Novice: 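The structure follows.
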Amino acid sequence: MHEAHAEMYLLVAGVLLITSLVVGRIGGRLGIPGLLLFLGVGMLAGSDGLGIQFSDYRLAQTLGTVALAFILFQGGLSTAWGHTRPVVKMGLSLATLGVLVTAGVMAAFVHFVFGWAWLPAWLLGAIVSSTDASAVFSVLKERALGLKGHVAPLLEFESGGNDPMAVFLTVGILELIAHPGAGVLSILPLFLKQMILGAVMGVVLGRAALWALSRMELQFEGLYSVLSLALALTIFSATAVAGGSGFLAIYIAGVILGNAEFIHKRSLMAFHDGVAWIMQVAMFLTLGLLVNPHELLPTAGLALACALVLVFVARPLSVHLGLALSGMPLPERHMVAWVGLRGAVPIVLATFPLVAGVPQAQTLFNIVFFTVLTSVLIQGTTLARVARLLGVQQDLPAPRHYPISFTPTGHSKNAMIEVHVAPGSAADGLRIMDLKLSPETLVLLVDRAGEYLMPKGPTLLQAGDTLLVLADPDGQGEVRAKLGRPARP
């Protein structure tokens, strides 16, 4: 009997995952964000649909926490620090001041308009205050949306960095609700401890993980995936056990690893991309199962009002205040304000009051769920259109798929890079041997208008060629200088 039950659960899980992927694929072609459809599949499979009964909020909270940790880890791995460095100050401003402003505007709205007490009002504001990393990452990828200036790296850095602040605010306000006599300043030490410890342990454990991935020699390649998974879990949980922000630590560790070279990096990046997608789909399905659509109707009016204020007032105000001194062009700031996607993070945070037994927690959960659906529906489906209207959209370069690949071992500084022969370059019309590159620099492949040439010394280069070159940092600079250098008159 137990085996039959286990097999049935596995069958249901497999069918739901396959259905979600199929529906997400169809929705992507129609311009509907996949995460919205994943939630929809979960709701249709729930008690108001196919009748699957699921109401374990503690399990959903645990699953959501683990899923978010791996999503943030993957977000850090894919963060190019060279692109992100210029937006760090702006991102930190949005991740702190922006979150506080959003929470404050939402709290004031439900307090003065709907008569909520201040602490429950602030709890609602804190829960919906952060943009969602999984929502932002997935929607930008689905849309293949190129954005000018610093918009894209800022959005990705903000969405990965503001979750710890939202988690802290939610937990801190729950503490104030549980201990009414405590003052607001009583949670300040908790904030400092979580942020400082999270940042320090993220750096220290991230560097330790890099050392482990670079130096440990395992018997089989597949074991490196197990090692990276174990390292990510250890970084998150060890920081949380120590009292720091595990979310901040695992994101920082991901950034450190993503911008370093180590053995099997390419395959491990692909592995964690798959893990993040599994976690994302499973999380949205689970959260969808928690909700009974008929329970949303009594709070639909309040939830819709909250969603509209969040999208059109709180988010724009927080962005423009947070970026007031940044010097970012106004159209780019407007775009950042519009991509304030809410996703699974607010829904996961909305389970915290349910687990803590806060009065009216179910109503709060339903309002947050409805607000998230509305936010994704309004903002997620209009990103490309708004980007065109603001003049910040740009075409993404078509990804190149070469017939060869290079796997760094972590024991050398060599890397494979793409180098373009610029128009007017001194290299235009020269043979490869005439470049007089250092002996340690190797030209592996020449891409000429989509045709791949196996390079030899006498191979003539032309403007527009793309070369795959294997070289150390000094050799990389030498190649870029010679291929991009203009010809002498």
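Quick caveat: nothing in here was measured; it's all calculated off a predicted structure.
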Novice: Please give me the minimum heavy-atom distance between M43 and V291, naming the atom from each residue.
Specialist: CE-CG1, 4.3 Å

Novice: Closer than 3.5 angstrom, by distance alone: can the side chain of R342 be matched with the main-chain N or O of S129 as a donor-acceptor pair?
Specialist: yes

Novice: Has the side chain of D273 got a donor or acceptor atom that lies under 3.5 Å from a matching backbone atom of M269?
Specialist: no

Novice: Could you tell me if the side chain of E221 sits less than 4.5 Å from the side chain of S267, heavy atoms only?
Specialist: yes

Novice: Which donor-acceptor pairs under 3.5 Å do the side chains of residues 193-211 make with protein atoms, sequence neighbours left out?
Specialist:
none

Novice: Ignoring hydrogens and geometry, is there a side-chain-to-backbone donor-acceptor pair from S326 to L323 under 3.5 Å?
Specialist: yes

Novice: Looking at CG of L124 and CG of L119, how far apart are the two atoms once the value is rounded to the nearest 0.5 Å?
Specialist: 13.0 Å

Novice: Tell me whether the centres of the aromatic rings in W118 and H111 are closer together than 6.0 Å.
Specialist: yes

Novice: With no hydrogens and no angle check, do the side chains of T299 and N366 hold a donor and an acceptor under 3.5 Å apart?
Specialist: no

Novice: Please name all residues satisfying ring-ring contact (aromatic ring centres under 6.0 Å, His included) with F365, sequence neighbours left out, ordered by chain then number.
Specialist: Y57

Novice: What distance separates I278 CD1 from M283 CE, expressed to the nearest 0.5 Å?
Specialist: 13.0 Å

Novice: Backbone N or O of M216 within a donor-acceptor pair of the Y224 side chain at under 3.5 Å?
Specialist: yes

Novice: Salt-bridged, K89 to E158, with N to O below 4.0 Å?
Specialist: no

Novice: Under 6.0 Å between the ring centres of W277 and F70?
Specialist: no

Novice: Quick check: F73 with F236 (ring centres under 6.0 Å apart)?
Specialist: no

Novice: So, for A305 and F114, which heavy atoms are closest and what is the spacing to 0.1 Å?
Specialist: CB-CZ, 4.1 Å

Novice: Taking atom CG of L68 and atom CG of L63, what is their separation to the nearest 0.5 Å?
Specialist: 11.0 Å

Novice: To the nearest 0.5 Å, how far apart are CD in Q74 and CD in Q280?
Specialist: 10.5 Å

Novice: Check the angle between the aromatic planes of W338 and F312 and answer parallel, tilted or perpendicular using the 30° and 60° thresholds.
Specialist: tilted

Novice: Under a plain distance cut-off of 3.5 Å, with no hydrogens placed, do T79 and T84 share a side-chain donor-acceptor pair?
Specialist: no

Novice: Answer whether the closest heavy-atom distance between the side chains of L213 and L268 falls below 4.5 Å.
Specialist: yes

Novice: How far apart are the closest heavy atoms of P353 and L123, and which atoms are they?
Specialist: CG-CD2, 3.9 Å

Novice: Among residues two or more places apart or on two chains, list those pairs meeting ring-ring contact (aromatic ring centres under 6.0 Å, His included) that have a residue in residues 183-202.
Specialist: F168-F191

Novice: Testing N162, V336, V99 for side-chain contact (heavy atoms from CB on, under 4.5 Å) with L94, which one passes?
Specialist: V336

Novice: Rounded to the nearest 0.5 Å, what's the gap from CD on Q61 to CG on L287? Could you check?
Specialist: 11.0 Å

Novice: Go through it in stages, so that I can follow the logic: the residues are S318 and T102, the test is side chain to side chain donor-acceptor pair (under 3.5 Å), and I'd like the CA-CA distance, side-chain angles, deciding distance and then a yes or no.
Specialist: CA-CA 6 Å; S318 67; T102 300; 3.2 Å; yes

Novice: Roughly how far, to the nearest 0.5 Å, is the CE atom of M328 from the NE2 atom of H320?
Specialist: 11.0 Å

